[in-house]
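Inspection log for the structure reproduced underneath, given as structure tokens.
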Amino acid sequence: MFYQELKTNFEEKANPEQAQQLAGYMRNQFKFYGLHTPERRKIYHDFLLREKKKKKIDWNLLNRAWEDQYREMQYFVCDYLIAMKKYLTYNDIDRIERFVRTKQWWDTVDSLIKPIGDLGLRDARINELMLEWSTDSDFWVRRVAIEHQLLRKKKMNTDLLAQIIENNLNSQEFFINKAIGWALRDYSKTNSEWARQFIAENYDRMAKLSITEGSKYL
């Protein structure tokens, strides 16, 4: 299985000094081999090309990698899902949700929004699911809902975006308020008037962080 090959390659290229720095950056929540993104992705680049040709997702590999104690393994899972996103179906959401709800931090959560968002453009059932997630007790799950439409530009579902954000106004959670600001800032590049009006209408309920981030390009 590629899992063991991947671990061997990571171990051979491990950098203890960088590992300590990366762990500190992530508040020492995870162990690292100490590989920066370009070096890490180079290790499994060819493997992902082969997987694309197979057009079939290896969930056993992904589950095993996700359970690994090293953070680079979770990054591999995220990169794999992004590479294989067009082969995902709604039936895969439960599997992805397990990744969203475990080993949580902004690094993996903000990567997992990409395959989920892409699927949402192909299957409208994702819209209702994201509305459901936007009121979840787990703020990381809510963050996915807020951010899953990032970079959609003219394909943005503004009604969905507005409702999801409104479900999270008056939050005291930094990662939620930051996500709201990012979502508004991103879409303001496409439709500045919509973002400006949304902020004006909800100004009294929005955190200062959300307003500052959302207004950056207005």
Kindly list each side-chain donor-acceptor pair under 3.5 angstrom involving residues 12-26, sequence neighbours excluded, with atom names and distances?
unit_1 : atom_1 : unit_2 : atom_2 : d
Asn15  : OD1    : Glu17  : N      : 3.2
Asn15  : OD1    : Gln18  : N      : 3.0
Gln18  : NE2    : Gly34  : O      : 2.6

note = Sorted by chain and number, sequence neighbours left out, side-chain contact (heavy atoms from CB on, under 4.5 Å) with Lys155 holds for Leu121, Arg152
task = Can you sort out the partners of Glu147 under salt bridge (charged side-chain N to carboxylate O under 4.0 Å, His left out), two or more places apart, ordered by chain and number?
result = Arg143
ask   = Is it true that Phe10 and Tyr70 have ring centroids separated by less than 6.0 Å?
value = no
ask   = Who pairs with Arg205 by side-chain contact (heavy atoms from CB on, under 4.5 Å), at least two apart in sequence or on another chain?
value = Glu166, Leu169, Asn170, Asn202
query = Passes side chain to side chain donor-acceptor pair (under 3.5 Å), Asn63 versus Arg98? Steps please.
reply = CA-CA 9 Å; Asn63 289 333; Arg98 188 175 77 83; 2.9 Å; yes
request  = Please list all pairs passing the salt bridge (charged side-chain N to carboxylate O under 4.0 Å, His left out) test where one or both residues lie in residues 114-127, with sequence neighbours left out.
outcome  = Asp118-Arg122, Asp123-Arg125
request  = Can you run down the ring pair (Phe, Tyr, Trp, His ring centres under 6.0 Å) pairs that involve residues 198-217, sequence neighbours left out, and say none if there aren't any?
outcome  = Trp194-Phe198
task = Would you please indicate if the ring centroids of Phe175 and Trp105 are separated by under 6.0 Å?
result = yes
message = Under the rule for salt bridge (charged side-chain N to carboxylate O under 4.0 Å, His left out), what residues qualify as partners of Glu97, not counting sequence neighbours?
response = Arg101
task = Identify, with sequence neighbours excluded, every residue that meets salt bridge (charged side-chain N to carboxylate O under 4.0 Å, His left out) alongside Glu51.
result = Lys54
request  = Identify, with sequence neighbours excluded, every residue that meets side-chain hydrogen bond (donor to acceptor under 3.5 Å, both in side chains) alongside Trp140.
outcome  = none
Partners passing side-chain contact (heavy atoms from CB on, under 4.5 Å) against Thr37 (at least two apart in sequence or in another chain) = Arg40, Arg41
request  = Under the salt bridge (charged side-chain N to carboxylate O under 4.0 Å, His left out) rule, collect the residues that match up with Lys178, sequence neighbours excluded.
outcome  = Glu213
ask   = Quick one: side-chain contact (heavy atoms from CB on, under 4.5 Å) partners of Gln172, sequence neighbours excluded?
value = none
